[in-house]
A.B. asks: 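Dropping the structure in here first, questions after.
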Amino acid sequence: MPFSFVDKSSAAPSGKADTRLMRIGELAAHSQTPASTIRYYEQQGLLTGVQRTAGGSRRYDASALLRLQMIRSLQNMGFALGDIPALLRDEQQGVDHERVMTTLNGRLEDIDTLLASLQQQRNQLHALRCLLKSSWDKGQCLSDEQILTLRDQYLQPPGMPGNQD
């Protein structure tokens with residue numbers, strides 16, 4: 001994974017990594033992730049290195065817990081599942097730094113666009129509140145002309161004539 005840290009909780013008393021394998025229920029409990037989600041991540045290729053017993057039961061090592069925690073953290077940052085493989089280390093190839101940076105930059109651009117849209121909505125709501133308060137403080141309702149102006153400014157989809165976009 002592009003983020004490097006050591007999970008001290010998975011170290012055995014001897015200082016070596018814990019090689020004990022967990023069942024899916026244990027992994028689900030440790031990660032606070034439903035077993036069905038873990039299976040889905042595995043099907044999508046996000047959770048790799050899953051071992052199977054002779055009976056076909058899944059077994060996971062401590063690296064699966066770490067990877068699962070990374071997937072969940074990246075989702076909490078707003079990344080779609082389809083973007084996450086670009087941010088995780090490939091078992092054979094390692095980390096593609098350029099791909100990681102491109103993916104991060106794309107997410108930052110998405111957030112900047114969302115923030116600009118939210119700021120515009122905030123400004124529009126503030127202007128509407130001020131207009132209504134001013135009119136109501138005078139004991140008046142909005143005129144038909146004012147209502148048509150509001151419709152043209154705020155109620156049409158972005159990019160339509162009369163809209164401020």
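Everything numeric here is computed off the predicted structure, so don't read it as measured data. Just so you know, these numbers use all the heavy atoms, side chains as well, and skip hydrogens, waters and symmetry mates.
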A.B. asks: Has the side chain of Thr113 got a donor or acceptor atom that lies under 3.5 Å from a matching backbone atom of Glu109?
C.D. replies: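 Here the side-chain-to-backbone pair exists.
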A.B. asks: Considering all heavy atoms of both residues, which atom of Arg107 and which atom of Met77 are nearest to each other, and what is their separation?
C.D. replies: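 Distance-wise, the nearest heavy atoms are NE-O, 3.1 Å.
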A.B. asks: Kindly say whether Arg99 contributes a backbone atom to a donor-acceptor pair with the side chain of Thr103 at under 3.5 angstrom?
C.D. replies: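 Yes; at least one donor-acceptor contact below 3.5 Å.
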A.B. asks: With a sphere of 6.0 Å drawn around CG of Asp112, does it hold more than 12 non-hydrogen atoms of other residues, nucleotides or ligands?
C.D. replies: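 For Asp112, atom CG is crowded (more than 12 foreign heavy atoms under 6.0 Å).
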A.B. asks: Is the backbone of Thr53 close enough, under 3.5 Å, to the side chain of Ser57 for a donor and an acceptor to pair up by distance?
C.D. replies: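 A pair under 3.5 Å: no.
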A.B. asks: Measure across Ala35 and Ala28 and return the closest heavy-atom pair with its distance rounded to 0.1 Å.
C.D. replies: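 Closest heavy-atom pair between Ala35 and Ala28: N-CB, 4.0 Å.
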A.B. asks: Does any non-hydrogen side-chain atom of Gln69 lie less than 4.5 Å from one of Leu65?
C.D. replies: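 With C-beta onward as the side chain, the pair touches.
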A.B. asks: Has the side chain of Thr33 got a donor or acceptor atom that lies under 3.5 Å from a matching backbone atom of Ser31?
C.D. replies: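 Indeed, once roles are kept as given, a pair shorter than 3.5 Å links the two residues.
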A.B. asks: Got Lys133 and Cys130 here, is their nearest side-chain heavy-atom distance under 4.5 Å?
C.D. replies: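 They are not in contact (no side-chain heavy atoms under 4.5 Å apart), so the answer is no.
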A.B. asks: Decide side chain to side chain contact (heavy atoms under 4.5 Å, CB included) for Gln146 and Asp144; before the verdict, give the C-alpha distance in whole Å, the side-chain angles of both, and the deciding distance to 0.1 Å.
C.D. replies: CA-CA 5 Å; Gln146 289 172 309; Asp144 289 346; over 6 Å; no
A.B. asks: Return the CD to CD1 distance between Gln75 and Ile84, rounded to the nearest 0.5 Å.
C.D. replies: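 Spacing of CD (Gln75) from CD1 (Ile84) equals 4.5 Å.
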A.B. asks: To the nearest 0.5 Å, what is the distance between CG (Asp61) and CG (Leu21)?
C.D. replies: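 Answer rounded to 0.5 Å: 6.5 Å.
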A.B. asks: Before accepting this row, confirm whether a basic side-chain N of the pair Glu42/Arg52 lies closer than 4.0 Å to the acidic partner's carboxylate O.
C.D. replies: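 The answer is yes: the pair qualifies as a salt bridge.
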A.B. asks: Supply the atom-to-atom distance Ser117 OG to Arg122 CZ, rounded to the nearest 0.5 angstrom.
C.D. replies: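 The CZ atom of Arg122 is 14.0 Å from OG of Ser117, to the nearest 0.5 Å.
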A.B. asks: Does the side chain of Leu132 come within less than 4.5 Å of Leu128's, by heavy atoms?
C.D. replies: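 Yes; the side chains approach each other to less than 4.5 Å.
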A.B. asks: Between Glu26 and Arg59, does a salt bridge (Lys or Arg N to Asp or Glu O under 4.0 Å) hold up when you go through it step by step?
C.D. replies: CA-CA 10 Å; Glu26 292 174 284; Arg59 295 293 186 262; over 6 Å; no
A.B. asks: Nearest 0.5 Å, what's the CG-CG distance between Leu104 and Leu87?
C.D. replies: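 CG of Leu87 is found 5.5 Å from CG of Leu104.
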A.B. asks: Does CD belonging to Glu98 count more than 12 external heavy atoms closer than 6.0 Å?
C.D. replies: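 Atom CD in Glu98 is not packed in, count stays at 12 or less.
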A.B. asks: Could you tell me whether the side chain of Leu88 reaches within less than 4.5 Å of the side chain of Ile71, counting heavy atoms only?
C.D. replies: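 When only atoms from C-beta onward are counted, Leu88 and Ile71 do touch, with a gap below 4.5 Å.
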A.B. asks: When you compare the side chain of Tyr60 with that of Arg58, does any pair of heavy atoms fall below 4.5 Å?
C.D. replies: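 The answer is yes; the side chains approach within 4.5 Å.
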A.B. asks: Considering the options Gln119, Gln120, His126, which one meets the side chain to side chain donor-acceptor pair (under 3.5 Å) requirement together with Asn123?
C.D. replies: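 Running side chain to side chain donor-acceptor pair (under 3.5 Å) over Gln119, Gln120, His126 with Asn123 returns exactly one hit, Gln119.
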A.B. asks: Is there a side-chain contact between Tyr41 and Thr48, using heavy atoms and a 4.5 Å cut-off?
C.D. replies: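 Sidechains of Thr48 and Tyr41: no contact.
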A.B. asks: Do Asn105 side-chain atoms and Met101 backbone N/O form a donor-acceptor pair below 3.5 Å?
C.D. replies: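 It does hold such a pair.
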A.B. asks: Is there a chain of hydrophobic side chains (I, L, V, M, F, W, Y, each step under 4.5 Å between heavy atoms) that links Ile147 to Trp136?
C.D. replies: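 As far as the 4.5 Å side-chain criterion goes, Trp136 and Ile147 are connected within one cluster.
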A.B. asks: If we ignore hydrogens and angles and just use 3.5 Å, is the side chain of Arg67 paired with the main-chain N or O of Leu46 as donor and acceptor?
C.D. replies: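 Flag set: sc Arg67 to bb Leu46 pair under 3.5 Å.
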A.B. asks: For residues Tyr40 and Gln44, determine if any side-chain heavy atom of one lies less than 4.5 Å from a side-chain heavy atom of the other.
C.D. replies: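 A side-chain contact exists here, since the closest heavy-atom pair is under 4.5 Å.
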A.B. asks: First locate atom CG of Leu68, then atom CE of Met70, and finally report the distance between them rounded to the nearest 0.5 Å.
C.D. replies: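 The CE atom of Met70 is 11.5 Å from CG of Leu68, to the nearest 0.5 Å.
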A.B. asks: Keeping Arg129 on the side-chain end and Leu125 on the backbone end, is there a donor-acceptor pair under 3.5 Å?
C.D. replies: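 Flag not set: sc Arg129 to bb Leu125 has no pair under 3.5 Å.
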